[in-house]
Amino acid sequence: MDRRAVSTTLSYTLTLTIATLLVTGLVIAGSDFVNDRREQVIREELEVIGQQVAADLAQGDRLVRAADSSSPTVNLIRNYPERVARTGYQLTLDTTNDEIVLKSVDPEITVTVGMKTSTSITTDTSVNGGKANIVYTGSQLEVQND
Amino acid sequence: MADLNHRDRGQIILIAAFALAVLFVSLALIVNSAIFTENLASRGETTGSDGALMARTMAEENVGNSVRTANTYNHTNLMPAIEKDVRTASGQRERQQVLSGGLVNVTNPHDEQIGSRVAMNDTGGGNYTDTGQNSGSGDWLLVDRVEDDYAGQPHTTRAFELEIKGGSDLASEGSLALTDRFTVVINNTGSPSRQWKVTVWKENLNPTHIHVQTELPSGTTEECEKIVTEDTIRISLTEGTVDSRPCDALGFHQASDTDFSFGSGISTPYNISYENGDTVKGNYSLVTTNPKADGNNLDNLDNGPSAGPSPYITDAVYEVDVEFSFVNSNINYTTDVRVAPGESDG
Amino acid sequence: MRGQAHTLEAIIASLMLLSSLVFAFHMTAVTPLSASTSSQHIENQQEATGQGVLVATAESDSLKPAVLYWNNSTREFHDADESEGYYTSGPPNNTFGEMLNRSFDERGIAYNVYFRFVSPSGDTIVRRYIYSGVPTDNAVTATYSVTLMDDNHLYDADETRNETVLGDTGNTYPIPDTGTNHYNTVQVEVIAWRI
C-alpha cells in the first residue's frame, strides 16, 4: 500500500474528471471553431455565386441589347453548385433595390450582391441552387429553375 | 479498471486525439468547399456569350459581303443572289463551328429595302464629272432628294467610297484655293438650307500626305491628315476611314464632343453633289435608299453600267434582315440581324 | 512481453497523433491551381489574348489581307519557307504577323495558325499558315471566320492590293472556289501555348 494522503479512488476520480473536462472543453471549442469557419465559408460561397449570377444576367442583357429584332430568343444554361458547404440555398432577384439576395437554409445566412441591367428583370422570383436558366421572355429577363 | 498511476494512461489521450481528428476532418471538408468556390470564382464562365456576340459580328460581316457583291454584279437579280450566297456561306460556317461544339446558322434574308447604287467603275478610272470625261462639268448633282422611306431608319446613305487614283490633280495647297478643291456636298432640300461638306486634297510638296476636311452646317471644321503610299487613295465617307484607317474628320471627335460623320446635322430629304470633280480621277460608289425608278437622277446618270468611264445608277439592296442563330451547350441565341454594310456608325 | 505490447501501443498512438496533425496541415496547402506550369488562369489569359488579336486584326481590316497574302507567280505565301509552304521561322511580314509578334512572341508564347476551308466536294481542309511545332497539352485555341468573295484582290508583300482577283482564271491561290459570287469561308485558327 502506498502512504499517500489521498485514496486511489479519489485520485482516480479527480484525474478522470479533470481529463474529461479538458477534453470536453477542447471538443466544444473545436466545434465552435468549425462552425464559425463554416459560416464564413458559406458567406463567401454565396457571394461568389451571387457575383456569377449578376455576371450571367449582364450577359443576357448584352445579348438582348445586341439583337436587332424586338423579340430575340436568349437562353443561358448555367450550372451553379447545388449545395453550399452542405446546405442548400435560394436566389431571389430584388429589382426595387437592384440586388440579388441569396439565402442559405441551415444556418440561415443572407448575402446580397448588387446588379444593374438595362433590360428589366422579372421581380422577386425565387430559385433554388443548382441548374438554372436565364431566359428572355420577350420583355424581361428571368431566372428559372429547370 | 484503469490504474492511472502505472499504465493505460494513453486512453484519455487517445480519446482526445480521436475527437480532434474528427474536428480536423470536418474542417478539411469545409476548407475544401471554400477552395472549390474560390476556383469557381476565378473561372469566369463568360465564354458562352462572347462566342455568340462574335459569331453575330462575323455573320453581319459575311452577309454584308454578299450584299456588296450582289449589288455590284447581280443588280438585276438581287435577292436570289444574296440568298444563294448566304446559304453557301452559312453551310460552310456551320461545318467549321461544329468542331468547337456549337451550331451557327444564318438563314432567310427578308425585309429587304431596295434602294439604288450610283457608281462609276472603270479600270482606268474616270473624271468625277457628270459625263466621266474631262470635258464634263465638275460641279454636278449626284443624287437628288434622298428620302427616308422607312421610319426610324438611322441613315439613308451607306458605303460611300471614293477610289482616287494617283495622278489626279487632287488640288494641293498652294495651287488651288479651298473652294476650288474637290468637295462632296450634302444639302437639305427644305429651308433653311444647310450644308455638310468634305474637301479632299493632297499636299504640294509631299504628295503622299492626304488631307480631309469636314465642315458642319454650323461652320465648325475638322481636318485629318493621313499618309497614303499606295497609288490609289481609298476613302470611305460613311465608314469614316482613309486607307482603312479611321479619320477624325469623318467620325466622332472626342475632344470637342462633336459628330463630324457623314451628313451630321442634315436631315432628309437631301441632295448629294460634287464640286470641282474635274480635278479628280478615279472611281466611286454609293448606295442610297432612293429607288432607281424614282427617275430623279437619270439626267446625269446612265441606266446601268456602260462601257467606258461614265457614272451610272442601278438597283441595289440598301439593307436586309437575316435570321441568326447560335446554339451550344451553354447558350441558345436566336435573333434577327440587320445588315447594311458600310453604314455610318454615328 | 507486456513491455513490448505497451511500447507498440505507445508508438501506434503517437503515430496516429502525428499523422492526424500532418493531415490537418496538408489540407490547407493543396489548391487546384498549384498543378502545372500552365494553370487555368494562364490558359484563360492566353485564350483571351488570342481572341483579342484576331478580333483586332479583323476590325482594322488586316485579317483578309493576311489570308490573301499570296504570291501568285511563285505559288506560295510571300517569304514563306520554300520547301514547306508556310511560315516556320517567325510571323509573316504583314500587320497580322506584327500583332501576333507583339502579343505572343514577346511574352514567350508559341503559336500555330491554321486556315480551315471547304473543298468543292464538301470536305474540310486544314492548311498551315504559321507552324512552330507540336503544341503541348495545355494549348488554347481561338478562331475567327472570314468570307472570301470572287472580287477580293490578292495582296503584295508590302500589303498593297494586287491586280489579281480571286475570280481570275489564272490564279494559283490554294483555297478553291465554291460558289458563284462567294469564294470560300476560311476559319483562321490560332493555337497558343507557353514554351
Side-chain angles (χ1 to χ4, degrees), chain B residues 7-8 10 13-14 17-18 20-21 23-25 27-29 31-32 35-36 38-39 42-44 47 50 54-55 57-59 61-66 68-70 72-74 81-82 84-93 95-97 99-100 104 229-232 234 241 244-246, chain C residues 2 6 9-10 12-14 16-17 19-21 23-28 30-33 39-41 44 47-48 51 54-55 58-62 65 116-118 122-124 141 143-152 158-161 163 167 178-182 184-187 189:
Chain B
R7 42 192 177 209
D8 302 323
I13 297 180
L14 267 177
F18 274 132
L20 272 178
L23 278 173
F24 281 147
V25 167
L27 200 62
L29 286 174
V31 173
N32 199 18
I35 291 175
F36 173 71
E38 295 291 330
N39 186 19
S42 72
R43 241 186 268 151
T47 46
D50 282 352
M54 255 191 34
T57 313
M58 283 188 251
E61 245 176 68
N62 296 339
V63 178
N65 273 338
S66 308
R68 186 183 55 83
T69 39
T72 317
Y73 302 110
N74 300 77
I82 294 180
K84 184 159 188 261
D85 277 347
V86 164
R87 214 175 328 137
T88 322
S90 174
Q92 293 177 346
R93 177 92 181 82
R95 219 168 293 136
Q96 289 167 351
Q97 183 69 26
L99 296 171
S100 326
V104 170
T229 46
E230 254 188 80
D231 197 36
T232 315
R234 271 171 251 277
T241 58
S244 294
R245 282 170 280 157
Chain C
R2 262 218 188 123
H6 283 309
E9 187 190 334
I12 291 177
S14 58
M16 277 183 66
L17 213 61
S19 59
S20 69
L21 272 175
F23 170 75
F25 282 134
H26 261 158
M27 76 179 173
T28 52
V30 170
T31 67
L33 302 178
S39 70
Q40 189 63 34
H41 278 313
N44 283 350
E47 190 174 339
Q51 206 72 61
L54 280 172
V55 172
E59 194 60 33
S60 63
D61 286 331
S62 317
R116 191 171 278 119
F117 50 89
V118 180
D123 306 320
T124 309
T141 156
T143 61
Y144 198 87
S145 282
V146 188
T147 356
L148 299 178
M149 310 299 280
D150 274 346
D151 65 349
N152 283 139
D158 58 352
E159 274 192 292
T160 51
R161 265 192 222 195
E163 304 277 300
T178 55
T180 38
N181 277 337
H182 174 88
N184 209 321
T185 312
V186 179
Q187 191 187 40
E189 185 177 4

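Excluded from the calculations below are hydrogen atoms, water molecules and symmetry mates; all remaining heavy atoms, backbone and side chain alike, are included. Quantities reported herein were computed from a predicted structural model and do not represent experimental measurements. Just so we're on the same page: letters track the sequence lines, and every chain starts at 1.
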Would you say that [X] contacts [Y] through its side chain, given a criterion of any heavy-atom pair below 4.5 Å between the two side chains?
X        : Y        : result
B/Met54  : C/Gln51  : yes
C/Asp151 : B/Tyr73  : yes
B/Asp85  : C/Met149 : yes

Looking only at heavy atoms, which two atoms of [X] and [Y] are closest? And how far apart?
X       : Y        : answer
B/Asn74 : C/Asn181 : OD1-ND2, 2.7 Å
C/Asp61 : B/Ser244 : OD2-OG, 3.8 Å
B/Arg95 : C/Gly122 : NH1-O, 3.2 Å

Spacing of [atom1] belonging to [X] relative to [atom2] belonging to [Y], to within rounding of 0.5 Å:
X        : Y        : atom1 : atom2 : value
C/His182 : B/Ile82  : NE2   : CD1   : 14.0 Å
B/Glu61  : C/Tyr144 : CD    : OH    : 4.0 Å
B/Gln96  : C/Thr143 : CD    : OG1   : 8.5 Å
C/Thr160 : B/Asp231 : OG1   : CG    : 10.0 Å
C/Asn152 : B/Asn65  : CG    : CG    : 6.5 Å

C/Arg116: salt bridge (charged side-chain N to carboxylate O under 4.0 Å, His left out) partners, not counting sequence neighbours: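 So C/Arg116 forms a salt bridge (charged side-chain N to carboxylate O under 4.0 Å, His left out) with C/Glu189.
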Residues forming a salt bridge (charged side-chain N to carboxylate O under 4.0 Å, His left out) with B/Glu230, sequence neighbours excluded: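 For B/Glu230, the residues satisfying salt bridge (charged side-chain N to carboxylate O under 4.0 Å, His left out) (neighbours in sequence not counted) are B/Arg234.
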Contact origin within C/Ser145 toward chain B - heavy atom pairs under 4.5 Å: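 Both backbone and side chain of C/Ser145 come within 4.5 Å of chain B.
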Heavy-atom contact with chain B under 4.5 Å, split by part of C/Asn184: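 Contact with chain B involves both backbone and side-chain atoms of C/Asn184.
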Side chain to side chain contact (heavy atoms under 4.5 Å, CB included) partner of B/Gln92, chosen from C/Thr147, C/Val186, C/Thr178: C/Thr178
Which portion of B/Arg68 sits near chain C, non-hydrogen atoms under 4.5 angstrom: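 Side chain only.
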